[in-house]
Amino acid sequence: MAVYAIGDVQGCYPALMKLLTEIGFDADRDRLWFTGDLVNRGPQSLEVLRFVKGLGERAECVLGNHDLHLLAVAAGAAKLKKRDTLDEILQATDRNDLLRWLRTRPLLHHDDSLGYTLIHAGLLPPWNLADARRLAHEAETVLRGDKVDEFFHRMYGDLPDHWNENLRGVDRLRVIVNAFTRLRYCDLEGNMDLRPKGPPGSQPPDLMPWFQVPGRRSQELKIIFGHWSALGLWHGDGVIGLDSGCLWGRSLSAVRLDTSPSEFFSINCDAVSSS
């Protein structure tokens, strides 16, 4: 049995199929981990969602910000944006089953036997694994609960920008969800700045990638994440970043997790967006 982690697919179904052929994926034997953002901006989000859901226990997928946006739009808590490609899902006959499955995906997956932790975007520097698991579970309980629509109506926003255990209500949930699904840069105190999206070196001088903040409490973990296409394929600082920009015509990447050293795979993608 092989275990592969795959970067953000975002509706690029042909690229995903091409990558699975490249790695020799066997659906009866192997397992796939997805870094989130299965959907949106690419042309075949419905096919990707159906495929990954159909893998059942062979797939682990964490929630990304585009996945949450789909759920918020479906709940009537957000409007479609100009570049969204979610209509096909929203109009599908199996829409409710797909959305129900997506809403029950975790924000964090940790495998003790493999020694890897899967998230979409980042972990705040004050969080160790126990903190991250506890807070992910806290937010997941809301996302899977009867009052999730209330949260979706107030999910969007960049503040608060730092973690404080005394936070309550929507402020607390927003910090947790933003960290797991939107984080790229922090300052030395661990405050999030969600505005810069470029590669390291392009950010304001007081900021650094979240995984390079000195003393972050998750340093002992081997973390797999996506979300940051401008970062590209990244292997260092105790993390593996797998969003290598398939959506923008660069590549879709995977890493095999059950071998040492890890094996990396990438396939070239055709551009599906020019902006």
Side-chain angles (χ1 to χ4, degrees), residues 4-13 15-17 20 27 31-81 83-110 118-121 133 135-156 173-174 176-183 224-227 242-243 246-247 252:
Y4 301 93
I6 297 176
D8 302 27
V9 180
Q10 289 197 247
C12 297
Y13 181 72
L16 175 59
M17 295 299 102
L20 295 182
R31 291 164 52 204
L32 299 177
W33 289 17
F34 291 90
T35 59
D37 279 0
L38 293 179
V39 303
N40 207 15
R41 304 288 177 82
Q44 292 181 269
S45 292
L46 178 60
E47 287 82 354
V48 172
L49 201 55
R50 283 173 172 166
F51 174 77
V52 178
K53 177 180 180 292
L55 290 172
E57 295 182 355
R58 292 292 180 186
E60 296 286 351
C61 181
V62 291
L63 284 167
N65 54 303
H66 283 281
D67 306 316
L68 287 172
H69 179 58
L70 166 61
L71 293 170
V73 169
K79 295 182 179 180
L80 288 170
K81 300 176 183 179
R83 291 184 292 161
D84 287 345
T85 58
L86 300 172
D87 285 331
E88 196 175 8
I89 297 173
L90 296 170
Q91 297 166 10
T93 56
D94 54 346
R95 157 195 162 128
N96 291 341
D97 287 341
L98 293 170
L99 296 177
R100 189 180 303 111
W101 174 83
L102 188 62
R103 191 159 65 95
T104 57
R105 296 311 91 200
L107 291 167
L108 177 149
H109 173 72
H110 177 78
L118 177 70
I119 55 175
H120 177 63
R133 290 175 114 168
L135 297 173
H137 177 71
E138 189 175 317
E140 289 158 9
T141 300
V142 174
L143 292 170
R144 298 168 186 178
D146 295 336
K147 297 183 178 180
V148 64
D149 290 3
E150 296 178 17
F151 172 64
F152 282 147
H153 276 93
R154 302 178 66 185
M155 176 176 69
Y156 296 90
L173 288 171
R174 187 183 290 143
I176 296 169
V177 170
N178 277 348
F180 279 114
T181 66
R182 298 179 61 203
L183 180 61
I224 309 287
F225 71 101
H227 181 60
L242 286 178
D243 185 357
C246 179
L247 180 69
L252 183 63

Requested in this report: Please test R174 against R154 for side-chain contact (heavy atoms from CB on, under 4.5 Å), starting from the C-alpha separation and ending with a verdict.
Outcome: CA-CA 8 Å; R174 187 183 290 143; R154 302 178 66 185; 4.2 Å; yes
Report task. Provide the closest heavy-atom pair for R50 versus A92 in the form atom of the first, atom of the second, distance. Result -> NH2-CB, 4.0 Å
Query raised in the report: Only one of L38, L98, D37, V39 clears side chain to side chain contact (heavy atoms under 4.5 Å, CB included) with L70; which?
Result: V39
Requested in this report: Carefully, step by step, assess H69 and D84 under the rule side chain to side chain donor-acceptor pair (under 3.5 Å).
Outcome: CA-CA 10 Å; H69 179 58; D84 287 345; 2.8 Å; yes
Query raised in the report: Which pair of non-hydrogen atoms, one from E88 and one from L46, has the smallest distance, and what is that distance?
Result: CG-CD2, 3.6 Å
Query - Gap separating the CG atom of L55 from the CD atom of E60, nearest 0.5 angstrom - result: 11.0 Å
**Report entry** Salt-bridge contact R105-D67 (side-chain N to carboxylate O under 4.0 Å)
**Finding:** no
Query - Minimum side-chain heavy-atom gap L107-I119 below 4.5 Å - result: no
**Report entry** H110: ring pair (Phe, Tyr, Trp, His ring centres under 6.0 Å) partners, not counting sequence neighbours
**Finding:** none
Query raised in the report: Atom CG of L99 and atom NZ of K53: how far apart are they, to the nearest 0.5 Å?
Result: 11.0 Å
Query - Closest non-hydrogen atom pair between F180 and L135, with its separation - result: CE1-C, 4.5 Å
Query raised in the report: Are the side chains of L68 and V177 in touch, meaning some heavy atoms are under 4.5 Å apart?
Result: yes
Query - Side-chain touch N65/N178, heavy atoms, less than 4.5 angstrom - result: no
Report task. Find the distance between NZ (K81) and NZ (K79) and round it off to the nearest 0.5 Å. Result -> 13.0 Å
Query raised in the report: What residue among H120, R182, H66 forms side-chain hydrogen bond (donor to acceptor under 3.5 Å, both in side chains) with H227?
Result: H120
Query raised in the report: Do you know which two heavy atoms are closest between I176 and A139, and how far apart they sit?
Result: CG2-CB, 3.9 Å
Query raised in the report: Judged by atom type as modelled, is there a donor-acceptor pair below 3.5 Å linking the side chain of R41 to the main-chain atoms of T85?
Result: no
Query raised in the report: Is a side-chain donor-acceptor pair under 3.5 Å present for T35 with D8?
Result: yes
Query raised in the report: If we only count heavy atoms from C-beta on, is the L32 to L20 side-chain gap below 4.5 Å?
Result: yes
Report task. Please tell me if the side chains of L71 and F152 come closer than 4.5 Å, counting only heavy atoms from C-beta onward. Result -> yes
Report summary line: Between A179 and A121, the two heavy atoms sitting closest are O-CB, 3.8 Å
Query raised in the report: What is the distance from atom CZ of F225 to atom CG of L242, rounded to the nearest 0.5 Å?
Result: 8.0 Å
Requested in this report: Could you grab the distance from atom CG of L63 to atom NE2 of H109, nearest 0.5 Å is fine?
Outcome: 14.0 Å
Query raised in the report: Do you know the tightest heavy-atom contact between A59 and F34?
Result: CB-CE1, 4.4 Å
**Report entry** Name of the residue among T104, N96, D97 meeting side-chain hydrogen bond (donor to acceptor under 3.5 Å, both in side chains) with R100
**Finding:** D97
Query - Whether over 12 other heavy atoms sit under 6.0 Å from R144 CZ - result: yes
Report summary line: Between the CE atom in M17 and the CG atom in L252, the distance rounded to the nearest 0.5 Å is 10.0 Å
Query raised in the report: Do the side chains of R31 and Y4 get nearer than 4.5 Å, heavy atoms only?
Result: no
Query raised in the report: Would a 4.5 Å heavy-atom cut-off, applied to side chains only, mark L108 and R133 as touching?
Result: yes
Query raised in the report: Do C12 and L247 have side chains that get closer than 4.5 Å, going by heavy atoms?
Result: yes
